[in-house]
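The block underneath contains the structure these notes are about, expressed in structure tokens.
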Amino acid sequence: MSNVEDKLPEGWVETTLGEVSTRKQYGYTESANLEEIGPKFLRITDIQNDFINWETVPYCPITEDEFEKYKLEIGDVVIARTGNSTGATATIKEKVKAVFASYLIRFQINPKLADYNYIDFLVRSKIWYGFVKSVKSGSAQGGANANDFALFPVNLPTLTEQKAIAKVLTAFDDKIENLCAQNKTLEQTAQTIFKEWFGKYQIDDELPDGWRVGTLGEVIEFINGYAFKSKDLSKEPIENAYKVFKMGDIKKGGGFNPSKTKGYFPRASCGKLEKYILKNGDLLMSMTDMKDAISLLGHTALMIYDDEYIVNQRVGLIRADNDVNIDYPYLYLLTNNEDFIANLRAGANSGVQVNLSTQGIKDTAFIIADEKINKSFDDLVKPLFNKRKANSLMIKELTKTRDSLLPRLMRGEIRVNGFKNN
């Protein structure tokens, strides 16, 4: 790659998303159906972190004519047009029988003008989300329409160079995807070991010598998150600030989702908040959920960073504190175990919201094995967690490099060597 002047290189054109699309279209109005009737029905909620997990997308009964009108094709870019998800995008990259819902807008990219992979990187970038923010700020509805999105500026090199740029960026995505897959396998392996070692006994069973029924409070330190005032938090990254860990940073079913972080608090204002500053190995538990859609309550995320986050209210901070050799890998697997979660939720206070109390969490019963068993388990699974952490740190660095490289490639400030112009 070689540096060039700030102006667009010769042969590049300034255009818009609308101009490189053959069609922009609003989706189909219908209700989703969990039964396997009709094609898949892509909704706003099915787009997570700008990608689609087709396995979880529901179905939709639809006539043949309507299917032909709304069916998704490889290369289509779909964009959420309303609510907090406004601007969330996904590009169709595999053949799938699917239509898209009314709160999505489909842009069909003209293959004679633009490579859909090139456009995909643009509409997942900070450039795109900066544009979306400016569009939303002028809307009373808190969303945007097809004409708004169509004005998104696009710097367009030749098709050959577009594909070369996309290939460079795809190499980062492929490496990130491989590391994410490794992490999923590592966690599944640790869960399997946990169930084999500790899942065979129930609380009422006769237990091996040295084993007993105890409570979570016996083996942990528990701290309720700090009640920040909204006016004291920034929604945008600021210098010398902690990221504020909120319930949204916890994945459904357990796990840490750093991409959800949307709150920042100045470090200079943290003089008396030391106990809320998170460390590697801390567990963060969701203490609140909605009654009609419980998915987070009681589940935990494992912090892998030191001195980067500070914990918000309605999130419980759990740290291992015991003399029976139970450490954070065991606690993470325990607090995301189905049986433990069911037992924990049985003691929740129910209303429109379902809430866990500090005492209720600490009083939750579980089986405590003897010290030697716990130590052997920790020796076995902690290397899996260490590898998972190393992968996660690598993902963070690869993402940072890709995201800093992307705008320079898209402006022609850096060129890809070896491509041939048409």
Side-chain angles (χ1 to χ4, degrees), residues 27-62 66-67 70-80 83-85 87-106 116-117 120-121 123-124 170 173-192 194-195 248-260 286 289-290 292-302 332-333 336-338 341-342 388 391-392 395 399:
Y28 180 58
T29 302
E30 185 53 86
S31 298
N33 192 329
L34 295 179
E35 297 181 18
E36 295 185 16
I37 299 173
K40 291 281 190 174
F41 190 46
L42 184 69
R43 308 157 302 166
I44 285 180
T45 53
D46 298 314
I47 300 175
Q48 298 293 328
N49 299 325
D50 295 325
F51 293 98
I52 302 165
N53 180 1
W54 285 108
E55 292 182 2
T56 63
V57 177
Y59 297 82
C60 174
I62 191 171
E66 289 170 328
F67 173 71
Y70 295 104
K71 70 178 180 181
L72 290 168
E73 305 280 3
I74 292 176
D76 287 353
V77 175
V78 288
I79 306 171
N84 293 332
S85 297
T89 69
T91 300
I92 309 304
K93 297 188 177 183
E94 58 184 300
K95 190 68 176 177
V96 58
K97 186 176 181 180
V99 295
F100 60 107
S102 58
Y103 289 116
L104 294 170
I105 301 171
R106 178 246 299 275
Y116 67 81
N117 287 304
D120 176 49
F121 279 108
V123 296
R124 289 194 285 123
T170 297
D173 273 3
D174 288 347
K175 180 64 174 176
I176 291 169
E177 185 177 343
N178 287 337
L179 290 170
C180 288
Q182 283 184 32
N183 278 358
K184 185 176 181 180
T185 299
L186 289 165
E187 179 160 340
Q188 289 173 340
T189 301
Q191 288 172 344
T192 298
F194 180 85
K195 289 177 182 178
D249 294 314
I250 304 173
K251 292 181 180 179
K252 294 179 180 179
F256 181 24
N257 190 356
S259 67
K260 292 294 185 179
S286 172
D289 213 338
M290 299 305 295
D292 294 333
I294 298 176
S295 59
L296 287 177
L297 190 71
H299 283 292
T300 60
L302 175 63
Y332 175 78
L333 296 166
N336 290 304
N337 176 268
E338 292 179 1
I341 287 290
R388 198 162 154 258
N391 285 349
S392 296
I395 289 169
T399 301

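Sequential numbering from 1 along the given sequence is applied to the chain's residues. For the numbers below, each heavy atom of this structure counts, side chains included, while hydrogens, waters and symmetry mates do not. None of the values given here were measured: they were computed from a predicted structure.
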Pairwise distance NZ(K195) to CD(E338) - rounded to 0.5 angstrom | 6.0 Å

Is there a side-chain contact between F256 and K251, using heavy atoms and a 4.5 Å cut-off?
-> no

Tell me, with the steps shown, if I62 and F41 meet side chain to side chain contact (heavy atoms under 4.5 Å, CB included).
-> CA-CA 10 Å; I62 191 171; F41 190 46; over 6 Å; no

Apply side chain to side chain contact (heavy atoms under 4.5 Å, CB included) to V57 and V96, showing your working.
-> CA-CA 11 Å; V57 177; V96 58; over 6 Å; no

Nearest heavy-atom contact between I250 and S286 is CD1-N, 3.5 Å

Would you call the rings of Y70 and F100 parallel, tilted or perpendicular, where under 30° means parallel and over 60° means perpendicular?
-> perpendicular

Rounded to the nearest 0.5 Å, what separation is found between the NE2 atom of H299 and the CG atom of D289?
-> 9.0 Å

Determine the sole option in I44, T91, L72 for which the side-chain contact (heavy atoms from CB on, under 4.5 Å) test with V78 is passed.
-> L72

Give, for atom CZ of R43 and atom CG of L104, the distance between the pair rounded to the nearest 0.5 Å.
-> 10.0 Å

R388 CZ to T189 OG1 distance, which is reported to the nearest 0.5 Å | 11.0 Å

Crowded around Q188 CD? As in, over 12 foreign heavy atoms under 6.0 Å?
-> yes

Spatial distance of atom CZ (F121) from atom CG (D173) [nearest 0.5 Å] | 4.0 Å

Given side chain to side chain donor-acceptor pair (under 3.5 Å), test Y332 with E187 step by step and report yes or no.
-> CA-CA 10 Å; Y332 175 78; E187 179 160 340; 3.0 Å; yes

For V77 and V123, work out which heavy atoms get closest and say how close.
-> CG1-CG2, 4.1 Å

Passes side chain to side chain donor-acceptor pair (under 3.5 Å), D46 versus T56? Steps please.
-> CA-CA 8 Å; D46 298 314; T56 63; 4.8 Å; no

Crowding at OH, Y103 (>12 non-hydrogen neighbours, <6.0 Å) = no

Kindly say whether T89 contributes a backbone atom to a donor-acceptor pair with the side chain of D50 at under 3.5 angstrom?
-> yes

Thinking salt bridges, do D120 and K93 make one under a 4.0 Å N-O criterion?
-> yes

To the nearest 0.5 Å, how far apart are CG in N257 and NZ in K252?
-> 11.5 Å

